[in-house]
Amino acid sequence: MNREVRVRFAPSPTGALHIGGVRTALYNYLFARKNKGRFLLRIEDTDQTRFVPGAEEYIKEALDWLGIAPDESPWNPGSVGPYRQSERKPMYMQYAMDLVEKGHAYYAFDTSEELEAMRQRLTAARVVSPQYNSITRTQMKNSLTLPEDEVKARLESGEPYVIRVKIPRKEEVRLNDLIRGWVMVHSSTLDDKVLMKSDGMPTYHLANIVDDHLMGITHVIRGEEWLPSAPLHVLLYRYFGWEDTMPQFAHLPLLLKPDGNGKLSKRDADKHGFPVFPMDWIDPTSGDTAMGFREQGYLPDAFLNFLAFLGWNPGDHRELFSLEELIDAFSVERIGKSGTKFDINKAKWYNEQYLRAKSDEELAQYLMDDLQLEGIQIEFSKATQIVQVMKERATFPSDLWKEGKFMLVAPDSFDEAVLAKRWNNDALAVLGTYKEKLVDFPGELNPESAKSLLEAAAEDNGIKLGKVMQAVRLAVTGVGAGPDLMAVFSILGKDELVKRLDYALNNLKVNI
RNA sequence: GGUCGAUUCGUCUAGGGGUUAGGACGCAUCCCUUUCACGGAUGAAACACGGGUUCGAUUCCCGUAUCGACUACCA
């Protein structure tokens with residue numbers, strides 16, 4: 001049977017979307033596009049206690065920013081909605097009941113205290129993993145142990161209950177993961193997971209299977225943390241009688257912290273000074289802001305390219321891929337199996353590549369926008385000139401302003417080390433002459449004239465230009481390194497240049 | 001502890017019974033250059049360990065170690 005490919009990204013709105021989640025969304029998106037299928041987004045908000053306001057909007061905005069918006073979602077529904085599990089609440093109970101009727105699930109009335117007592121008893125008896133399973137359920141309060149009329153009475157009296165799946169005692173459960181191959185688990189290691197909670201909401205396991213089935217999902221691409229529960233999911237498909245349309249599973253390797261081991265967390269990112277969230281996230285309870293890649297200056301295409309290569313590669317040596325090229329090259333077979341450590345340097349490198357590929361005009365607009373925030377107005381043509389000398393040395397668009405500031409604002413400080421080493425009488429002499437030549441120079445300064453004038457000034461003093469070059473730079477820019485000086489002079493213009501030389505000549509003391 | 005999974009340069013990875021084990025980021029050196037950066041060139045740097053199978057294993061098999069995920073009425 002050849003069904004239309006349908007995949008889904010199913011985040012919980014419990015906070016900002018983590019970068020691992022973004023990668024999962026990206027792979028789902030790529031897979032859908034590659035296979036001419038559809039990419040859905042479903043909000044898994046069955047845990048009302050963990051709901052965080054704004055989280056859903058954040059997810060939407062992040063995917064929009066990256067250009068990987070879903071084809072169907074709560075805010076753009078298709079025909080299989082609703083796309084929020086909380087809104088699907090009424091439909092789950094019948095499926096749970098169906099399982100009870102088929103003998104694959106049962107009611108359980110145990111209180112959390114009783115469950116705790118059971119675990120303690122088991123632990124004391126040195127049972128390796130205390131869990132509600134085929135053995136222990138015989139000692140608990142459920143519809144398998146209680147007389148039928150008592151179960152009925154409890155149900156009718158409104159006593160809280162959950163519905164648990166009845167895991168068989170001895171059965172080999174196998175699934176063929178697209179990334180990992182055959183994974184086999186014995187049912188004796190599984191427990192009778194809760195399917196319906198006492199608040200009437202389904203747990204992830206139930207809702208997930210029911211929704212994926214109802215939404216026609218063909219491939220489940222999700223994080224490796226779900227691998228241990230995948231056998232349960234396989235069992236559920238079987239119990240519902242949906243095995244023939246069961247989606248194929250692909251469990252993605254985890255994103256690890258850069259040093260040591262373990263899953264990448266916000267804490268680690270903070271420690272290293274880089275984000276783990278696509279965009280800034282303001283925690284609604286603490287009011288703290290967690291930084292995002294977008295606000296740090298990462299370009300969406302660069303970020304996507306970087307993300308795609310965290311656990312996947314095209315099999316050749318190409319590394320720069322547009323979204324379209326990623327779609328074309330993508331395949332689940334080429335997703336790796338092992339966890340991936342996060343290296344922010346690579347992300348920066350990607351950003352530099354994409355930044356340099358941008359047109360001067362586009363970058364000039366970035367610069368103009370930054371300048372506006374600083375209350376500085378310049379001509380677009382001037383912004384373009386600045387971009388031309390700065391783009392090869394910028395990692396983020398904001399560097400254009402931060403690193404190129406000296407082209408718009410006179411330096412208010414001068415590098416002490418360079419001053420001590422290079423600011424001498426030779427420099428003073430050349431700069432004095434240069435200033436006079438500039439004042440006498442008719443017309444606009446360009447890099448060539450700026451240079452010939454400076455060369456002439458050096459020659460007049462019988463001094464090799466190379467010897468005073470750094471001092472010249474220091475006088476005008478305040479620092480000892482930067483882009484081509486003559487281009488900078490040309491951008492500055494004659495008047496500003498003379499002004500700065502004047503200031504330096506009069507205020508910088510010669511250290512002997 | 002149990003279950004499942006993973007293991008190639010510091011990092012992301014290619015590869016796969018016989019290879020000088022390839023590329024990229026980062027790092028170092030050199031070239032270019034008035035400086036820095038870009039660019040170019042070069043270099044250091046890896047098959048976790050132990051058994052087996054084999055003429056031959058980094059590659060296949062089995063163990064061990066290490067790391068990770070999971071082990072909730074959270075997803």
Side-chain angles (χ1 to χ4, degrees), chain A residues 10-14 44-47 49-50 85 108 110-112 115 119 123 126-132 160-164 177 179-180 183-186 188-191 193-205 207-208 222-231 251 253-254 256 258-263 306 309-320 334 336-350 352 356 389-394 403 418 422 451 454 458 464-474 477 479-486:
Chain A
S12 268
T14 54
E44 307 228 325
D45 55 353
T46 53
D47 185 359
T49 63
R50 294 210 309 163
Q85 288 183 331
D110 316 277
T111 64
S112 51
L115 288 172
R119 286 189 196 105
T123 308
R126 293 172 179 273
V127 172
V128 282
S129 57
Q131 53 186 17
Y132 211 116
Y161 67 92
V162 298
I163 294 177
R164 285 179 182 272
D177 188 275
I179 295 172
R180 275 146 231 282
V183 177
M184 272 160 280
V185 172
H186 197 86
S188 61
T189 65
L190 267 26
D191 64 339
K193 282 265 182 297
V194 169
L195 262 21
M196 287 297 288
K197 300 186 265 188
S198 55
D199 64 359
M201 274 292 201
T203 58
Y204 171 85
H205 304 293
N208 190 262
R222 78 231 293 193
E224 193 189 277
E225 66 269 27
W226 293 109
L227 193 53
S229 54
H251 288 94
L254 261 18
L256 272 18
D259 60 347
N261 296 291
K263 213 156 54 155
F306 164 70
F309 273 71
L310 250 31
W312 171 87
N313 74 82
D316 55 36
H317 285 159
R318 289 132 74 219
E319 300 214 77
L320 262 14
R334 297 208 61 87
K337 292 178 172 65
S338 52
T340 300
K341 282 187 188 172
F342 189 85
D343 181 13
I344 196 66
N345 272 326
K346 198 91 178 202
K348 285 182 179 167
W349 178 78
Y350 271 112
E352 285 162 3
R356 281 165 206 156
V389 302
M390 289 307 299
K391 75 193 270 190
E392 294 299 313
R393 44 216 316 132
E403 308 295 324
V418 182
R422 304 285 184 203
K451 185 164 192 184
L454 183 56
K464 275 253 206 281
L465 184 56
K467 291 187 72 175
V468 297
M469 220 33 208
Q470 215 179 358
V472 177
R473 176 181 293 281
L474 179 76
T477 70
V479 291
D484 180 69
L485 246 198
M486 297 311 131

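In what follows, chains are A, B, ... by sequence order, proteins preceding strands, each numbered from 1. These numbers come from the heavy atoms of this one structure, side chains and all, not from hydrogens, waters or symmetry mates.
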N or O in side chain of A:K197 less than 4.0 angstrom from B:rC74 OP1/OP2: yes
With a cut-off of less than 4.0 Å, is there a side-chain N or O of A:R164 near OP1 or OP2 of B:rC73? yes
Protein-nucleic acid N or O pairs under 3.5 Å, nucleotides 20-23 of chain B:
from   : atom 1 : to     : atom 2 : distance (Å)
B:rG23 : O4'    : A:H317 : NE2    : 3.2

If we call it a pair only when both distances are under 3.5 Å in a Watson-Crick or G-U wobble match, what pairs with B:rU35? none
Pairing partner (Watson-Crick or G-U wobble, both distances under 3.5 angstrom) of B:rA48: B:rU64
Plane angle bin for A:F342 and A:F306 - parallel if under 30°, tilted between 30 and 60°, otherwise perpendicular: perpendicular
Starting at atom NE2 of A:H186, determine the distance to atom P of B:rG2, rounded to an integer number of angstrom. 17 Å
Mind calculating the distance between CD (A:E224) and P (B:rA75) to the nearest angstrom? 20 Å
Tell me which nucleotide among B:rC70, B:rG10, B:rU71 gets nearest to the side chain of A:K193. B:rU71
Could you check whether any side-chain N or O of A:D177 sits under 3.5 Å from a backbone N or O of A:H251, counting only pairs where one atom can act as donor and the other as acceptor? yes
Between the side chain of A:R50 and the main-chain N/O of A:P13, is any donor-acceptor distance below 3.5 Å? no
Just how far, in rounded Å, is C1' of B:rC9 from NZ of A:K341? 13 Å
Do any N or O atoms from the side chain of A:T46 and from the backbone of A:M201 form a donor-acceptor pair under 3.5 angstrom? no
Using only side-chain N and O atoms of A:N313, determine if any of them is under 4.0 Å from OP1 or OP2 of B:rA14. yes
Heavy-atom nearest nucleotide on RNA chain B taken for A:L115 and for A:R334; more 5' hit belongs to A:R334
Looking at A:R50, I'd like to know whether one of its side-chain N or O atoms comes within less than 4.0 Å of OP1 or OP2 on B:rC73. no
Using whole Å, what does the distance between atom P of nucleotide B:rU33 and atom CD of A:E392 come to? 17 Å
OP1 or OP2 of B:rU13 under 4.0 Å from side-chain N/O of A:T340: yes
Any strand counts, and the cut-off is 3.5 Å on both contacts for Watson-Crick or G-U wobble. Which nucleotide pairs with B:rU54? none
Measuring to OP1 and OP2 of B:rA75, would you say a side-chain N or O of A:T46 lies under 4.0 angstrom away? yes
